[in-house]
Amino acid sequence: MTRRRWIADEVSGSNAALTGEHADHLIRVLRARVGQEFDIAAGAVVRRGRVATIREGRVEFELGEEVPAGCICNVTVLLAIFKFDRMEWAIEKCTELGVSRIVPVIARRTDAHLASAAEKRTERWRRIAKQASEQSRRAMPPEITAPIKLQNAVALDAGALRIMLAESEQQTLLRNVLDPHSDGEIVLAIGPEGGWTNDEIDCFRTAGWIAASLGPTILRAETAAIAALAITLSELGA
C-alpha cells in the first residue's frame with residue numbers, strides 16, 4: 001500500500017515535524033497513531049518517517065531511509081490573474097501535474113479588484129500548492145511568487161524557451177515549438193479572461209517570446225493553463 005506523503009514544517013537531522021493546522025489534520029481527520037509510518041518530504045529528499053510523538057498542534061517523526069522522490073521538470077507558468085476560485089483550481093491542478101513555479105501576473109484585462117487583492121492571496125495560493133503537492137506525492141511544492149505586472153513578467157528568464165499562449169495565433173501549435181530533447185527551462189504565459197490585448201502580445205514578441213496556440217477552440221484561462229502544462233510535460237516525456 002502506498003504511504004501518504006507529508007511535507008515537513010520543521011526538519012532537524014533525523015527528526016521532522018508537522019505543526020499547526022497541518023498537524024491537526026493528521027491527528028483529527030486521519031487519526032494518526034504513534035508508530036504509524038508515512039513518507040516525509042524533508043527539503044530536497046523524501047524519507048520514511050515513523051510517528052514518534054503526537055500532541056496538540058504537533059506531530060513529530062523519526063526519519064529513516066531515503067525513498068524515491070521523483071523529478072520535477074523545470075516548467076514555469078505565468079498565470080494572468082483571473083477570478084480567484086477558478087485560479088485556485090488552476091494552481092492546484094498545475095501543482096498536481098508537476099509545475100515548478102507559478103508567477104501570478106497583473107494583465108491589462110485583470111479585474112482591478114482582483115489585482116488589488118492578489119498580494120494578500122499569495123499565502124493562500126502557497127497553502128493550496130502545498131496541499132496539492134502532498135496529495136500528488138511531490139517532494140516539495142512549486143514556488144508561488146508574489147504577483148507582478150506584465151512589463152516585469154515579460155523580462156523573466158531570458159535564457160529559457162518562453163512561449164506565450166494566444167488564441168489569436170493561427171499558425172503555430174504549442175507542441176510544434178517544444179523540443180522533447182531539451183532539458184532547459186520552459187516558461188508558459190497564460191492570459192486572463194478575454195485573452196491578451198494586442199499591445200501585450202506585441203510586448204511579448206518584442207521581448208523574444210514565441211506565440212503559440214492550443215488549437216481552434218477558445219478555452220477558459222484555467223483550462224488553458226492545465227492543457228498547456230499537460231502538453232508540455234507530455235512532449236518532454238515527464
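These numbers come from a predicted model, not from an experiment.
- Side chain of Ser234 to main chain of Ala230: no donor-acceptor pair is present (N/O by atom type, distance under 3.5 Å, no hydrogens or angles).
- Between Arg109 atom CZ and Asp111 atom CG the span is 13.5 Å, to the nearest 0.5 Å.
- Annotation: side chain of Thr145 is not in contact with side chain of Trp125 (no heavy-atom distance under 4.5 Å).
- The closest side-chain heavy-atom distance from Gln36 to Arg50 is not below 4.5 Å.
- Here the closest heavy-atom approach between residue Ser116 and residue His113 is recorded as OG-O, 2.9 Å.
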Would you give me the side-chain donor-acceptor pairs under 3.5 Å for residues 75-82, sequence neighbours excluded?
residue : atom : partner : partner atom : Å
Thr76   : OG1  : Arg101  : NE           : 3.0
Thr76   : OG1  : Arg101  : NH2          : 3.3
Thr76   : OG1  : Glu185  : OE2          : 3.3

Residues 211-223, side-chain donor-acceptor partners within the protein, below 3.5 Å, at least two apart:
residue : atom : partner : partner atom : Å
Ser213  : OG   : Gly215  : N            : 2.9
Ser213  : OG   : Gly215  : O            : 3.2
Glu222  : OE1  : Arg86   : NE           : 3.2
Glu222  : OE2  : Arg86   : NE           : 2.8

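- Between Leu150 and Trp196, the closest side-chain pair of non-hydrogen atoms falls below 4.5 Å.
- Between the side chains of Glu134 and His22, a donor-acceptor pair is found at a separation under 3.5 Å.
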Show, in sequence, the C-alpha distance, side-chain angles and deciding distance for Leu114 and Phe84, and conclude whether the side-chain contact (heavy atoms from CB on, under 4.5 Å) test is met. CA-CA 8 Å; Leu114 298 178; Phe84 287 152; 3.9 Å; yes
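- Remark: Lys93 NZ is packed, more than 12 non-hydrogen atoms of other residues, nucleotides or ligands lying under 6.0 Å away.
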Identify all side-chain donor-acceptor contacts of residues 10-21 below 3.5 Å with residues at least two apart in sequence or on another chain.
residue : atom : partner : partner atom : Å
Glu10   : OE1  : Arg58   : NH1          : 3.2
Glu10   : OE1  : Arg58   : NH2          : 2.8
Glu10   : OE2  : Arg58   : NH1          : 3.3

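- Remark: Asp202 CG is packed, more than 12 non-hydrogen atoms of other residues, nucleotides or ligands lying under 6.0 Å away.
- Side-chain contact between Thr122 and Pro147 is present, with heavy atoms from C-beta onward closer than 4.5 Å.
- Between Arg47 and Val45 the shortest side-chain heavy-atom distance falls below 4.5 Å.
- Ile231 and Leu173 are not part of a single hydrophobic cluster, where members link through side-chain heavy atoms under 4.5 Å apart.
- Nearest approach of Leu174 to Ala228, heavy atoms of both residues: CD2-O, 3.6 Å.
- Closest approach of Ile7 and Ala139 over heavy atoms only: CG1-O, 4.3 Å.
- Under a hydrophobic clustering in which Ile, Leu, Val, Met, Phe, Trp and Tyr are joined whenever their side-chain heavy atoms come within less than 4.5 Å, directly or via other members, Leu97 and Met140 fall into different clusters.
- Residues Ser100 and Arg138 come closest through the heavy atom pair CA-NH2, 4.4 Å.
- Of all heavy-atom pairs spanning Ile201 and Met164, the tightest one is CG2-CE, 3.8 Å.
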Intermediate values then yes/no, side-chain contact (heavy atoms from CB on, under 4.5 Å), Thr53 and Val34: CA-CA 6 Å; Thr53 62; Val34 171; 5.8 Å; no
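- A distance of 14.0 Å separates CZ of Arg48 from CD of Glu62, quoted to the nearest 0.5 Å.
- No side-chain donor-acceptor contact under 3.5 Å links Glu235 to the backbone of Thr232.
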Would Arg124 and Ile91 satisfy side-chain contact (heavy atoms from CB on, under 4.5 Å), going step by step from the backbone distance to the final call? CA-CA 11 Å; Arg124 175 176 170 82; Ile91 289 170; over 6 Å; no
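- Side-chain contact check for Ile226 versus Leu229: every heavy-atom pair is 4.5 Å or farther apart.
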Please walk me through it: do Ile40 and Phe38 pass side-chain contact (heavy atoms from CB on, under 4.5 Å)? CA-CA 6 Å; Ile40 305 298; Phe38 298 93; 4.1 Å; yes
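- No side-chain heavy atom of Asp179 sits less than 4.5 Å from a side-chain heavy atom of Leu161.
- The shortest heavy-atom contact between Leu156 and Arg162 is O-NH1, 2.9 Å.
- Residues Leu165 and Val105 do not share a hydrophobic cluster, clusters being chains of Ile/Leu/Val/Met/Phe/Trp/Tyr side chains in contact below 4.5 Å.
- Contact annotation: the side chain of Glu66 never approaches that of Val46 to less than 4.5 Å [non-hydrogen atoms, C-beta and beyond].
- In this structure, Cys94 SG and Trp89 CH2 are separated by 9.0 Å, a value rounded to the nearest 0.5 Å.
- For the pair Gln135 (side chain) and Glu96 (backbone), a donor-acceptor distance under 3.5 Å is absent.
- Placement of Ile210 and Leu236 within a single hydrophobic cluster is found when ILVMFWY residues are connected by side-chain heavy-atom separations under 4.5 Å, directly or transitively.
- Note that Arg205 lies outside the cation-pi zone of Trp209, set by a 6.0 Å cut-off to the ring centre and a 45° limit from the axis.
- With Glu123 as the partner, the salt bridge (Lys or Arg N to Asp or Glu O under 4.0 Å) test is satisfied by one option alone out of Lys120, Arg121, Arg126, Arg127: Arg126.
- Atoms CZ and CZ, on Arg4 and Arg137 in that order, are 10.0 Å from each other to the nearest 0.5 Å.
- Hydrophobic cluster membership differs between Val103 and Ile186, with clusters built from Ile, Leu, Val, Met, Phe, Trp and Tyr side chains linked at under 4.5 angstrom.
- With values rounded to the nearest 0.5 angstrom, Leu178 atom CG is found 7.5 Å from Leu188 atom CG.
- Taken from CD in Glu92 to CD1 in Ile128, the straight-line distance is 7.5 Å, to the nearest 0.5 Å.
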